[in-house]
Asker: 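Below you will find the structure I want to go over with you.
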Number of protein chains: 2
Amino acid sequence: MGKRVRREESLSRDRIIAASIALLDSRGEDGLTFRALSERLATGAGAIYWHVENKGDLLTAACDAVVARTMAPCAAGASPEDTIRALALGLFDAIDAHPWVGSTLTRAAGQAPMLRIVECLGQQVRALGLSDEDQWTAASALLHYILGVAGQNAANTQFARAHDIDRSDFLGAMATVWSQLDPNEYPFTRSVASRMREHDDRADFLAGVDLILGGIASRRGR
Amino acid sequence: MGKRVRREESLSRDRIIAASIALLDSRGEDGLTFRALSERLATGAGAIYWHVENKGDLLTAACDAVVARTMAPCAAGASPEDTIRALALGLFDAIDAHPWVGSTLTRAAGQAPMLRIVECLGQQVRALGLSDEDQWTAASALLHYILGVAGQNAANTQFARAHDIDRSDFLGAMATVWSQLDPNEYPFTRSVASRMREHDDRADFLAGVDLILGGIASRRGR
DNA sequence: ACCTGAACACCGTTCAAGT
DNA sequence: ACCTGAACACCGTTCAAGT
């Protein structure tokens, strides 16, 4: 029993990355293990190290594969603002579908996936007609905002998974806790609890992007 | 040899948290271990579990201790905008001093430290005189931007530490890589490489906050 | 009530040995 | 060149046993 199935294709970096993505998607961030991975690939743990430097490398590569797909249609025909919105939403949706991308992105400072995002965003920001310094400010503000949302989304999903509850149930429970806070100590949080329950993550995310775009526009207009 | 020193004070949650912060500061995120902690506290691993639920709980508590200090002067006399700037900078500096706070914050969705930040920011946003919906949008945009920067800062420091190089050397090396990218594939990133080398993290962070505040102001003015 | 520390069930990574 | 899989040095967490 449990006799290991002999694999058909030979091992390769791409097959390892594909299997990692599948594992990450189905079992969450903690689900990616060299043991689980080598079982799925019908090989030994050491074989994986022939194609991959270490776990961090593997995670970054998996993240990059998803980000590359998402950022592929980098240059659209629309206005820079609309393209930025589309890019941001694409990233949001990708992270929503693969929460582990959010947390991996956070840890992949200055690596391939981040480069892709910086470049795509930057090209559109550049088309906005700002000074060099404002370009840098605008691009990094957008980037950091997106990464912030990405990280939070990933954390929410991960928490819900770890406690084996539905993501929206988790947010609902959070709203309930918030609404019961001491009104003297937490007036704002309390007042915003009901909005937290019914809010639309995606719409709120886009509203934040628009806020930053608005800030950029008002700088340009000075 | 290595005879363990008998501790003088009795164990308590606060002492455990203080020791955790010291460990995290001196040895980085991976330095916090139940083994290292129990050695430093001259006790057994199990004893710690009497006062603390698990490692996540410990990390969140340590994070909360730092955030609480930082957010203490929540209500200043200045204008809401200036107070928001001060709060954001305070958080930036705290995370700069304790990089692990950045990554812990990211994973502590909806928990105590996050609540403090939301409340402090929210109170100032509220004083800005926006509609309820705009308040929510503004507060969460600011929060996510701050968290995004926090996460990146933490990642940069962690990476530098792991590779045993100076943080600024790391950023310098990144700038060099960027400046050597293919100008056809990465025109923006390449053009911005020199700025990356000489930039001031803190000033850039504040410029981003100002951009968001500008976006808020322009919405209010409509 | 609080502490001890061995034991358990995992990890990522390495490496001699095979093909 | 590529793969095997046992072994190593760690983890977080538990728990019977002590005080």
Side-chain angles (χ1 to χ4, degrees), chain A residues 2-20 23-24 27-63 100 103-104 107-108 158-159 161-164, chain B residues 1-21 23-24 27-63 100 103-104 107-108 158-159 161-164:
Chain A
K3 187 78 185 301
R4 195 162 287 172
V5 181
R6 190 104 209 108
R7 69 166 174 283
E8 263 118 62
E9 307 168 68
S10 73
L11 214 50
S12 72
R13 194 167 212 267
D14 283 347
R15 279 195 68 229
I16 292 172
I17 291 169
S20 299
L23 223 35
L24 254 359
R27 300 197 210 168
E29 252 186 282
D30 298 338
L32 180 63
T33 286
F34 278 86
R35 278 163 182 80
L37 194 55
S38 54
E39 190 178 356
R40 204 178 185 108
L41 290 168
T43 182
I48 297 171
Y49 277 89
W50 183 261
H51 300 274
V52 143
E53 219 164 312
N54 52 40
K55 191 170 180 182
D57 177 33
L58 181 55
L59 230 21
T60 303
C63 178
W100 52 272
S103 29
T104 305
R107 272 175 266 121
Q158 167 119 14
F159 187 94
R161 175 191 282 272
H163 293 67
D164 211 29
Chain B
M1 82 197 73
K3 189 78 185 303
R4 198 163 286 172
V5 180
R6 190 106 207 104
R7 69 169 172 281
E8 263 116 64
E9 307 167 70
S10 73
L11 215 50
S12 72
R13 194 168 212 266
D14 284 347
R15 280 195 67 230
I16 292 172
I17 292 170
S20 301
I21 292 175
L23 224 35
L24 255 0
R27 298 197 212 168
E29 252 188 283
D30 297 338
L32 180 63
T33 285
F34 277 85
R35 279 165 181 79
L37 194 54
S38 54
E39 190 179 355
R40 202 176 186 111
L41 290 168
T43 183
I48 297 171
Y49 277 89
W50 184 261
H51 301 274
V52 142
E53 221 164 308
N54 51 41
K55 190 169 181 181
D57 177 33
L58 182 55
L59 231 21
T60 304
C63 178
W100 53 272
S103 30
T104 305
R107 273 176 264 121
Q158 167 117 18
F159 188 93
R161 176 192 280 274
H163 293 68
D164 210 29

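Excluded from the calculations below are hydrogen atoms, water molecules and symmetry mates; all remaining heavy atoms, backbone and side chain alike, are included. Convention: sequence-line order gives letters A, B, ...; per-chain numbering from 1.
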Asker: Just the atom pairs and distances: protein N or O near nucleotides 16-18 of chain C's N or O, under 3.5 Å.
Answerer:
none

Asker: A:Gly46 or B:Gly46: which one's nearest nucleotide on DNA chain C is closer to the 5' end?
Answerer: B:Gly46
Asker: Given D:dT4, C:dC3, D:dC3, identify the nucleotide with an atom nearest to the side chain of B:Ala47.
Answerer: C:dC3
Asker: In whole Å, what separates the C1' atom of C:dC3 from that of D:dA16?
Answerer: 13 Å
Asker: Counting just side-chain N and O atoms, does B:Trp50 come under 4.0 Å of either OP1 or OP2 of C:dC2?
Answerer: yes
Asker: Between protein and nucleotides 9-13 of chain D, what N or O pairs are separated by less than 3.5 Å?
Answerer:
| from | atom 1 | to | atom 2 | distance (Å) |
| --- | --- | --- | --- | --- |
| D:dC11 | N4 | B:Arg35 | NH2 | 3.2 |
| D:dG12 | OP1 | B:Lys55 | NZ | 2.6 |
| D:dG12 | OP2 | B:Phe34 | N | 3.2 |
| D:dG12 | N7 | B:Arg35 | NH1 | 2.9 |
| D:dG12 | O6 | B:Arg35 | NH2 | 2.8 |
| D:dT13 | OP2 | B:Tyr49 | OH | 2.6 |
| D:dT13 | OP2 | B:Lys55 | N | 2.9 |
| D:dT13 | O5' | B:Tyr49 | OH | 2.9 |

Asker: Are any of the side-chain heavy atoms of A:Thr60 and A:Arg107 separated by less than 4.5 Å?
Answerer: no
Asker: Work out which heavy atom in A:Ala61 is nearest to a heavy atom in A:Arg13; give both atom names and the distance.
Answerer: CB-NH1, 3.8 Å
Asker: Identify the heavy atoms of A:Ile48 and A:Phe34 that sit nearest to each other, and give their distance.
Answerer: CG2-CE2, 3.7 Å
Asker: Report yes if a side-chain nitrogen or oxygen of B:His51 is closer than 4.0 Å to either non-bridging phosphate oxygen (OP1 or OP2) of C:dC3; otherwise report no.
Answerer: yes
Asker: Please report the interatomic distance CD(B:Glu39) to CG(B:Leu41), rounded to the nearest 0.5 Å.
Answerer: 10.5 Å
Asker: Could you check how far CZ of A:Arg13 sits from P of D:dC3, rounded to whole Å?
Answerer: 14 Å
Asker: Looking at every heavy atom in both B:Leu23 and B:Gly31, which two are closest together, and how far apart are they?
Answerer: CG-O, 3.7 Å
Asker: With a 4.5 Å limit on heavy-atom distance, are the side chains of A:Leu58 and A:Leu32 in contact?
Answerer: yes
Asker: Side chain of A:Thr43 only, please: which of D:dT4, D:dC3, C:dC3 is the nearest?
Answerer: D:dT4
Asker: What pattern of brackets, bars and dots sums up DNA chain C from 5' to 3', given Watson-Crick or G-U wobble pairs under 3.5 Å, [ ] for crossing pairs and | for another strand?
Answerer: ||.|||||...|||||.||
Asker: Pairing donors with acceptors under 3.5 angstrom, does anything connect the side chains of B:Ser103 and B:Glu29?
Answerer: yes
Asker: Is a side-chain donor or acceptor of A:Ser12 paired with a backbone partner of A:Arg15 at a separation under 3.5 angstrom?
Answerer: yes
Asker: Restricting to non-hydrogen atoms, name the atom on B:Ser38 and the atom on B:Gly44 that form the minimum distance, rounded to 0.1 Å.
Answerer: CB-C, 3.7 Å
Asker: Test A:Leu59 against every option in A:Thr104, A:Val52, A:Asn54 by the side chain to side chain contact (heavy atoms under 4.5 Å, CB included) rule and name the one that passes.
Answerer: A:Thr104
Asker: Would you kindly give the CZ-to-P distance between B:Arg15 and C:dC2, to the nearest whole Å?
Answerer: 15 Å
Asker: Do B:His51 and B:Ile17 have side-chain heavy atoms sitting under 4.5 Å apart?
Answerer: no
Asker: Tell me the interatomic distance from A:Ile48, atom CD1, to C:dT14, atom C1', rounded to whole angstroms.
Answerer: 14 Å
